Number of protein chains: 4
Amino acid sequence: MVNQFIPVKDQTRRERRIERQRRSIMDAAADLFAQKGYRATTTRDIAEAVDIGESTLYGYFSSKKEVLVAILSQQAEMVDALLMHLVELEDFQSFVNLVDLLMEKILTRTVYNRVLIAEAWTDDEVLQSYVVARWHPVMQTLQNFITMKIAKSIFRPIEPDMGARMVVGSFIAAILPVLRGIEPAPSPEQRHHLAMMIVETISNGLNIKRG
Amino acid sequence: MVNQFIPVKDQTRRERRIERQRRSIMDAAADLFAQKGYRATTTRDIAEAVDIGESTLYGYFSSKKEVLVAILSQQAEMVDALLMHLVELEDFQSFVNLVDLLMEKILTRTVYNRVLIAEAWTDDEVLQSYVVARWHPVMQTLQNFITMKIAKSIFRPIEPDMGARMVVGSFIAAILPVLRGIEPAPSPEQRHHLAMMIVETISNGLNIKRG
Amino acid sequence: MVNQFIPVKDQTRRERRIERQRRSIMDAAADLFAQKGYRATTTRDIAEAVDIGESTLYGYFSSKKEVLVAILSQQAEMVDALLMHLVELEDFQSFVNLVDLLMEKILTRTVYNRVLIAEAWTDDEVLQSYVVARWHPVMQTLQNFITMKIAKSIFRPIEPDMGARMVVGSFIAAILPVLRGIEPAPSPEQRHHLAMMIVETISNGLNIKRG
Amino acid sequence: MVNQFIPVKDQTRRERRIERQRRSIMDAAADLFAQKGYRATTTRDIAEAVDIGESTLYGYFSSKKEVLVAILSQQAEMVDALLMHLVELEDFQSFVNLVDLLMEKILTRTVYNRVLIAEAWTDDEVLQSYVVARWHPVMQTLQNFITMKIAKSIFRPIEPDMGARMVVGSFIAAILPVLRGIEPAPSPEQRHHLAMMIVETISNGLNIKRG
DNA sequence: CATGAATGAGCGTTCATTCAT
DNA sequence: AATGAATGAACGCTCATTCAT
């Protein structure tokens with residue numbers, strides 16, 4: 001009610017500062033959560049990592065749980081934005097591009113996803129809200145693609161969900177060691193190559209000739 | 001000093017009783033760890049599940065951490081016993097059998113493996129000792145198989161570790177939802193079918209004709 | 001399940017020990033609550049007063065609030081036991097006895113009642129459950145007595161609830177300074193004299209002759 | 001050093017503004033203290049009730065405690081102003097008027113008195129400074145009145161302090177439920193009637209005839 | 001003077017572990 | 001060997017107060 005003449009610029013500057021602080025807290029927390037797990041990370045740990053007082057945290061998040069939720073939600077938003085543009089897969093090129101894009105999106109925020117997986121592994125609600133719900137449309141798209149290819153007699157009449165799952169499996173096998181931190185993140189070129197390999201191998205198999 | 005005249009037979013009976021108790025504690029703990037995670041499970045939870053006093057636990061394990069270690073070690077022993085008999089893969093049939101066997105071994109101890117994965121995801125030492133070290137020979141066997149097939153011109157000249165990883169990926173994709181508890185365990189027949197599908201698809205791909 | 005042969009005597013001895021400990025915690029807590037108020041008293045304070053570890057408290061009470069509730073409830077039980085025998089007031093003697101008895105019951109656990117009043121003064125639920133609910137039958141009995149006396153033309157036709165309230169007021173005026181600790185507790189003789197004075201004065205007033 | 005040329009008029013206007021703000025803070029705080037108690041009321045609660053920043057409070061009061069002290073002191077001043085005019089009681093009419101006046105003064109500042117009682121109940125200094133010290137002259141006046149009446153053989157030779165206490169008790173019984181908020185404030189007419197009743201009943205008692 | 005942001009001190013509570021029996 | 005009781009250390013969180021702007 002007082003100070004109503006503060007210029008708009010300051011308002012947004014303040015907002016930006018708050019947003020920046022929230023971000024730095026989330027980043028530090030994600031790092032710690034990824035290393036030690038959510039439970040094992042104390043609010044004291046997080047505060048020290050950001051170099052602020054423990055109680056200052058509570059000016060930006062109302063609870064430790066909310067920090068986790070913010071981390072998970074932010075990642076979910078990113079995935080949702082991606083899924084928005086998830087078009088029907090047409091040819092192999094678009095298939096490769098989808099795999100490549102997903103890989104990129106997931107690997108650019110490694111720790112966030114590492115936290116997500118850790119929590120989803122023990123928390124049913126997190127699993128449902130942040131993993132299953134998001135993964136479903138991707139699986140659907142893959143299955144539609146395979147069904148279509150079978151209909152056009154390009155693929156053998158395999159169960160579509162089996163095929164989709166194998167694609168996902170290959171994808172996971174490529175990504176998991178990176179998320180876990182025992183393999184370095186691939187360069188964009190390596191990533192693209194990997195995506196092609198996955199699609200190609202699933203399509204053509206390893207045999208030179210059909211048995 | 002006292003009880004030195006107790007006959008040997010009683011000693012071993014006592015030992016068996018102790019071993020049985022250790023087992024029941026480990027089973028109950030594994031169940032709880034799998035459900036809520038190691039940190040979130042209290043010693044009181046475990047004691048109640050076994051229906052013993054909380055402090056009685058410490059007669060069998062010197063700390064809560066040691067219960068976890070015992071669980072992981074026991075699982076490791078089982079895997080080691082399996083790896084002992086890991087022979088060179090020769091033909092597709094032996095390949096399918098390996099996949100089937102691994103699946104069976106992992107799925108019969110679902111909760112233990114669920115705990116293992118949860119811990120390995122945040123604890124580097126656990127990851128190294130109980131996962132990487134054990135997984136390595138399996139990967140090696142797979143790569144040898146692929147290398148051999150390529151040498152015999154049965155497989156296309158793909159990177160062997162890439163191929164091995166895709167097999168593992170498909171394997172993981174089949175197994176993870178079961179371990180996590182969102183899919184029921186497959187029957188032995190389903191399991192065998194699954195193993196065949198994985199090997200077959202990796203070998204031949206989905207295409208009817210080579211592009 | 002083990003140790004089922006422990007003699008019954010030990011069971012009750014243990015129970016008595018637990019009960020004794022609960023009591024000593026309640027007494028110490030009541031003392032502190034009375035002096036500083038419930039909010040201002042910390043669990044640390046209570047533990048120190050009983051000379052036990054702070055966490056030991058939680059073996060006897062599940063929360064700080066429950067200590068308060070136990071204190072209030074215990075007092076309520078005592079009052080309830082008294083109200084059980086609350087018979088119809090017949091003559092002045094029984095009236096005096098009621099006042100005397102109430103006074104005694106309230107003053108024998110001074111601190112408990114001091115806590116009760118303090119809490120009832122700010123907490124509506126406490127007021128309702130522990131004060132209003134208990135006070136109501138007493139007021140009713142008093143009003144019945146007065147109504148009866150009016151019917152028999154012994155009392156002037158005053159509003160009965162007004163008369164009852166004046167008795168209660170005199171009672172309160174006598175008791176409050178003692179509860180608050182600014183006056184010493186009366187001896188049984190003084191107490192009886194006081195009770196008589198209250199009844200007598202209310203009955204006859206201060207005037208020598210009727211105006 | 002700066003602003004030394006501001007005209008005196010503005011200074012006093014500023015002072016009035018400050019005083020007004022102090023008042024509104026005290027009013028809001030008294031309300032909250034009365035509802036939840038002093039300890040349970042946070043500075044944030046107060047600030048929000050006045051719709052100012054939490055830290056702004058400290059421009060008007062140097063601590064939360066001082067807000068309470070200001071509230072109590074203000075009430076004390078009001079009582080002192082009243083006690084200034086406390087004349088010797090002569091006849092029943094002046095007695096009734098005193099009771100009526102006291103009632104009115106107390107009930108027009110219900111919340112303030114509720115806070116006063118709550119604090120006096122646990123804080124010895126508050127009790128002494130704000131209750132005992134102020135109540136004493138009232139009691140003295142009552143006792144003098146009774147002593148005088150006894151001397152004139154109008155009252156029976158009762159202990160004067162006993163009689164005074166009974167008047168106070170009746171007064172308290174009438175006022176406490178209103179202060180506590182479980183009874184509505186009486187209208188001026190009801191209040192006057194009440195005052196008369198109290199004096200009358202104490203004087204004449206309930207009996208139609210003397211026993 | 002007003003305030004958003006920051007914080008030290010401390011709160012009620014939990015829990016892995018120890019100890020006396 | 002088994003356990004009920006005890007507890008130090010730590011946790012997530014609150015709040016009166018300070019400070020830079």
Side-chain angles (χ1 to χ4, degrees), chain A residues 1-4 6 10-11 14-15 17-18 21 39-47 50-67, chain B residues 3 14 17-18 21 39-47 51-67, chain C residues 1-4 6 10-11 14-15 17-18 21 39-47 50-67, chain D residues 3 14 17-18 21 39-47 51-67:
Chain A
M1 67 173 34
V2 188
N3 281 4
Q4 48 187 310
I6 284 181
D10 272 20
Q11 284 285 353
R14 192 167 72 83
E15 273 165 23
R17 187 157 50 77
I18 288 175
Q21 185 74 300
R39 296 272 307 203
T41 303
T42 70
T43 51
R44 201 115 47 209
D45 289 337
I46 301 172
V50 196
D51 195 26
I52 56 175
E54 203 181 343
S55 53
T56 306
L57 270 183
Y58 291 86
Y60 296 92
F61 296 93
S62 63
S63 71
K64 183 188 164 192
K65 186 90 195 172
E66 221 200 52
V67 179
Chain B
N3 282 2
R14 195 169 68 88
R17 188 158 50 79
I18 289 175
Q21 185 73 300
R39 294 278 305 197
T41 302
T42 70
T43 51
R44 173 193 285 265
D45 289 337
I46 301 172
D51 196 23
I52 57 174
E54 207 178 338
S55 52
T56 307
L57 275 181
Y58 291 84
Y60 297 93
F61 297 93
S62 65
S63 73
K64 183 187 163 192
K65 185 87 193 175
E66 220 197 56
V67 178
Chain C
M1 67 173 34
V2 189
N3 281 5
Q4 46 189 313
I6 285 181
D10 272 21
Q11 284 286 351
R14 193 167 70 83
E15 272 166 23
R17 187 158 48 79
I18 289 174
Q21 185 74 299
R39 295 272 308 200
T41 303
T42 71
T43 51
R44 199 115 50 209
D45 290 337
I46 301 171
V50 196
D51 195 27
I52 56 174
E54 204 180 343
S55 53
T56 305
L57 270 183
Y58 291 85
Y60 297 91
F61 296 93
S62 64
S63 70
K64 182 187 164 192
K65 186 89 194 174
E66 220 200 52
V67 178
Chain D
N3 281 3
R14 194 168 69 87
R17 187 159 49 81
I18 289 174
Q21 186 73 302
R39 294 277 307 199
T41 302
T42 69
T43 52
R44 173 192 285 265
D45 288 338
I46 302 172
D51 196 23
I52 57 174
E54 206 178 338
S55 51
T56 306
L57 276 181
Y58 290 83
Y60 297 92
F61 297 92
S62 65
S63 71
K64 182 187 162 192
K65 185 86 193 175
E66 220 199 57
V67 178

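Since the structure is predicted, the reported quantities are computational estimates derived from the model, not experimental observations. Order of the sequence lines fixes the chain letters, A, B, ..., with proteins taken first and strands second; residue numbering starts at 1 for each chain.
F/dA16 atom P lies 8 Å from atom CD1 of D/Ile46, rounded to whole Å. Regarding A/Arg44, its CZ atom lies at a distance of 14 Å from the P atom of F/dA9, rounded to whole Å. If you measure from atom CD of A/Glu54 to atom C1' of F/dG12, you get 7 Å, rounded to the nearest angstrom. Atom pair C/Phe61:CZ and E/dT14:C1' shows a separation of 18 Å (rounding to whole Å applied). Distance D/Ile52 CD1 to E/dT3 C1': 10 Å, rounded to the nearest Å. Going from atom CZ of D/Arg17 over to atom C1' of E/dC1 covers 8 Å, rounded to whole Å. Straight-line distance from the NZ atom of C/Lys65 to the P atom of E/dT13: 11 Å, rounded to whole Å. We find that CG of D/Leu57 is positioned 10 Å from P of F/dT17, with the value rounded to whole Å.
The base-pairing partner of F/dA10, taking Watson-Crick or G-U wobble contacts with both distances under 3.5 Å, is E/dT13. Across all strands shown, E/dT21 forms a Watson-Crick or G-U wobble pair, both distances under 3.5 Å, with F/dA2.
Distance from the side chain of A/Tyr58 is smallest to F/dG12 among F/dA1, F/dA16, F/dG12. Nearest nucleotide to the B/Ser63 side chain, out of E/dT17, E/dG12, F/dG12: E/dT17. Residue B/Tyr60 has its side chain nearest to F/dA2 when only F/dA2, F/dG12, E/dT14 are considered. Nearest to the side chain of C/Thr42, among E/dG12, E/dA6, F/dT18, sits E/dG12.
A/Gln21 comes within contact range of the sugar-phosphate backbone alone, with a heavy-atom separation under 4.0 Å but no base atom that close.
Ranked by how close their nearest DNA chain F nucleotide is to the 5' end, C/Arg39 and C/Ser55 are led by C/Ser55. When each of A/Ser62 and C/Thr56 is assigned the nucleotide of DNA chain F with its nearest heavy atom, C/Thr56 is the one assigned upstream, toward the 5' end. Closest-nucleotide positions on DNA chain E for A/Ile18 and B/Lys64 were compared, and the one nearer the 5' end corresponds to A/Ile18.
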Next on the checklist: Apply side chain to side chain contact (heavy atoms under 4.5 Å, CB included) to residues A/Gln21 and A/Val50 and explain how you reach the verdict.
Outcome noted: CA-CA 9 Å; A/Gln21 185 74 300; A/Val50 196; 4.2 Å; yes
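Here the OG1-CD1 distance, from D/Thr56 to D/Ile46, works out to 13.0 Å after rounding to the nearest 0.5 Å.
Closest approach of D/Thr43 to D/Leu57, counting heavy atoms only: O-CD1, 3.6 Å. Contact record, D/Val67 with D/Phe61: CG2-CG, 3.5 Å, taken as the closest heavy-atom pair. The shortest heavy-atom contact between A/Glu54 and A/Arg44 is OE1-NH1, 2.6 Å.
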